[in-house]
Amino acid sequence: MNSSEGRIVGLDAWRAMLMLGGLFVHCSVALEHTHVFYVVEMVSQAFRMGVFFALSGYLSALTLRLVPSDVWLSRRLRQLGYPTMTGVLLLSPAMWWLLTSDQSFRGSIPLPFEWWHLWFLWGLLLASALLRLLDRNAAIWRSILAIGERMAPPALMLATAVLTAVMFALTPPVMFALLSPRLVQAYANVQLIFGYLPTFLFGVLAARSEHIRLGLLRSSRLAAAILAVIAVCYVLTGAGLLDEGEPYVRFIGAALCPPLVFAIVLRTASTIRRVPRIVQGLTDASYTIYLLHLPLAVLINTRLYPPTLHPNLRYAVTILLAGGLSWLAHVLIVRRLRVAALLLNGRTDGRVSGGRAEVPIVDPSAAPVGDGLAAAA
């Protein structure tokens, strides 16, 4: 991989693009549903956060090799923990107030302290703790690595997808057995947290084994061909030709697409030696933009527009306004104030860099319902 100033340039840019894709998912909040929102959500659900978790596993495994595991985990807890608490204690109550005080809002009323688009930070905290335990148990880790290296790359990708599907299928009934329906609704993305743990491990294996990484690079064309077939299924679903099969297409796609797309991401990232300055600027600000764009989108969509303006036009303007204001907050506040850098980026050294909410994936049998490598990765 090509690097610059301690950064893996291609993967850092990919990670930021996947994170910033959240703007297109979340900026429709509190707006009347349209077909555009449906398509954006379906495409995002297919691969975006799954690939993000795989990239996070890959980059986490690389950085873990550079420092003692206790130091690494302490750094991770700070980089992920402070923004998580900022989101829960400050941003979530603000969004709760904006939505509950908007008389035109017709969606389900949120709880004051939900995790909203920051569910993935809780997932990365859990994944980081598990990775540290795995790293400190050499015998278990060698066994897992040996199993991965004995499998052909397509088989490893399929095994990751199967494990992801199993976790997706098992988590909802467990949640309904343990929690009230209200809490299940508020924290439904627990399903995604556990579902994407296999993709996180998939990224870790690719980072720790040259054999696995090279195998994935060589399998990128096969991955692209399989993705093309899956894309056709999604197009047919979006066109309404597979209405009864939509839950199955979404379920299978959300499990299978992330390892396939990750193989392609590794391939393309290996060819990227530098990125344009504007892309680098967005990469550096991506963590801040992701944290702040949703509360800004809620504010804009509930307070700014006249009711006669078409939802798609409001959506486009909200993306520009919420994204732009979040970027300005990073440049003018986070980069200049240490307390802001700590609360929004988990940074304490004065150097700030870049670091959703996906619709839960239901069981197909049910009805449709940091540093240079980035703190959030």
Side-chain angles (χ1 to χ4, degrees), residues 18-19 21-30 37 40-57 80-81 83-89 91-93 95-96 99 107-130 163-200 247 250-251 253-255 257-258 287 290-291 293-295 297-298 355-364 366-369 376-377:
L18 291 168
M19 181 172 281
L23 272 77
F24 296 90
V25 179
H26 303 141
C27 284
S28 62
V29 64
F37 303 160
V40 169
E41 178 271 322
M42 185 167 61
V43 172
S44 176
Q45 186 187 77
F47 70 90
R48 188 172 68 85
M49 290 309 296
V51 177
F52 184 87
F53 268 76
L55 272 176
S56 297
L80 298 171
T84 298
M85 291 301 100
T86 299
V88 171
L89 299 179
L91 302 183
S92 178
M95 288 185 282
W96 170 81
L99 291 174
S108 59
I109 301 300
L111 296 176
F113 299 99
E114 293 192 19
W115 53 24
W116 293 86
H117 59 314
L118 303 181
W119 65 267
F120 81 101
L121 293 177
W122 295 90
L124 292 182
L125 284 167
L126 174 61
S128 298
L130 294 176
L163 287 174
T164 296
V166 168
M167 298 299 285
F168 281 157
L170 292 180
T171 305
V174 173
M175 291 180 65
F176 276 107
L178 298 177
L179 303 174
S180 68
R182 183 72 180 90
L183 289 177
V184 171
Q185 179 185 23
Y187 299 102
N189 284 324
V190 167
Q191 183 190 33
L192 300 182
I193 290 175
F194 285 100
Y196 289 138
L197 286 179
T199 67
F200 184 90
R250 282 176 172 262
F251 185 88
C257 288
Y287 203 0
Y290 187 85
L291 263 65
H293 80 276
L294 182 54
V298 173
R356 122 169 199 202
E358 209 69 28
V359 175
I361 302 154
V362 297
D363 185 324
V369 276

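Everything numeric here is computed off the predicted structure, so don't read it as measured data.
Separating the CE atom in Met19 from the OH atom in Tyr287 is a distance of 6.5 Å, to the nearest 0.5 Å.
Between Gly195 and Phe168, the shortest heavy-atom contact is CA-CE2, 3.5 Å. The two atoms that bring Leu197 and Ala127 nearest to each other are CD2-CB, 3.9 Å, heavy atoms only. Taking both residues in full, the closest heavy atoms of Cys27 and His293 are given as SG-CD2, 4.5 Å, listed atom of the first, atom of the second, then distance. Contact detail for Pro172 and Ala169: the closest heavy-atom pair is CD-O, 3.7 Å. When all heavy atoms are compared, the tightest approach of Gln45 to Ala254 is O-CB, 3.8 Å. The minimum heavy-atom distance between Met175 and Gln191, with the atom names listed, is SD-N, 4.3 Å.
Counting only distance, with no hydrogens or angles, the side chain of Thr164 and the backbone of Tyr196 share no donor-acceptor pair below 3.5 Å. The main-chain N or O of Leu111 is found under 3.5 Å from a side-chain atom of Glu114 such that the two form a donor-acceptor pair.
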Phe194 vs Leu126, side chain to side chain contact (heavy atoms under 4.5 Å, CB included): CA-CA, chis, key distance, verdict: CA-CA 9 Å; Phe194 285 100; Leu126 174 61; 4.1 Å; yes

Thr84 and Leu118: CA distance, side-chain angles, deciding distance, side chain to side chain contact (heavy atoms under 4.5 Å, CB included) verdict: CA-CA 7 Å; Thr84 298; Leu118 303 181; 5.8 Å; no

Side chain to side chain contact (heavy atoms under 4.5 Å, CB included) assessment of Ser28 paired with Val40: CA-CA 10 Å; Ser28 62; Val40 169; over 6 Å; no

Intermediate values then yes/no, side chain to side chain contact (heavy atoms under 4.5 Å, CB included), Leu18 and Phe47: CA-CA 9 Å; Leu18 291 168; Phe47 70 90; 4.2 Å; yes

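With contacts defined as side-chain heavy-atom distances shorter than 4.5 Å, the pair Phe200/Leu124 qualifies. In this structure, the side chains of Ser92 and Trp115 stay at 4.5 Å or more apart for every pair of heavy atoms. Side-chain contact check for Thr199 versus Met49: every heavy-atom pair is 4.5 Å or farther apart. Contact of the Ile193 side chain with the Tyr187 side chain is not registered, since no non-hydrogen atoms from C-beta on lie closer than 4.5 Å. In this structure the side chain of Pro110 never reaches within 4.5 angstrom of the side chain of Met95, judged on heavy atoms. Side-chain atoms of Phe53 and Pro258, non-hydrogen and from C-beta on, never get closer than 4.5 Å to each other. Within the 4.5 Å cutoff, the side chain of Phe120 has no heavy atoms near those of the Leu192 side chain. Side-chain contact between Trp116 and Leu91 is absent, with no heavy-atom pair separated by less than 4.5 Å.
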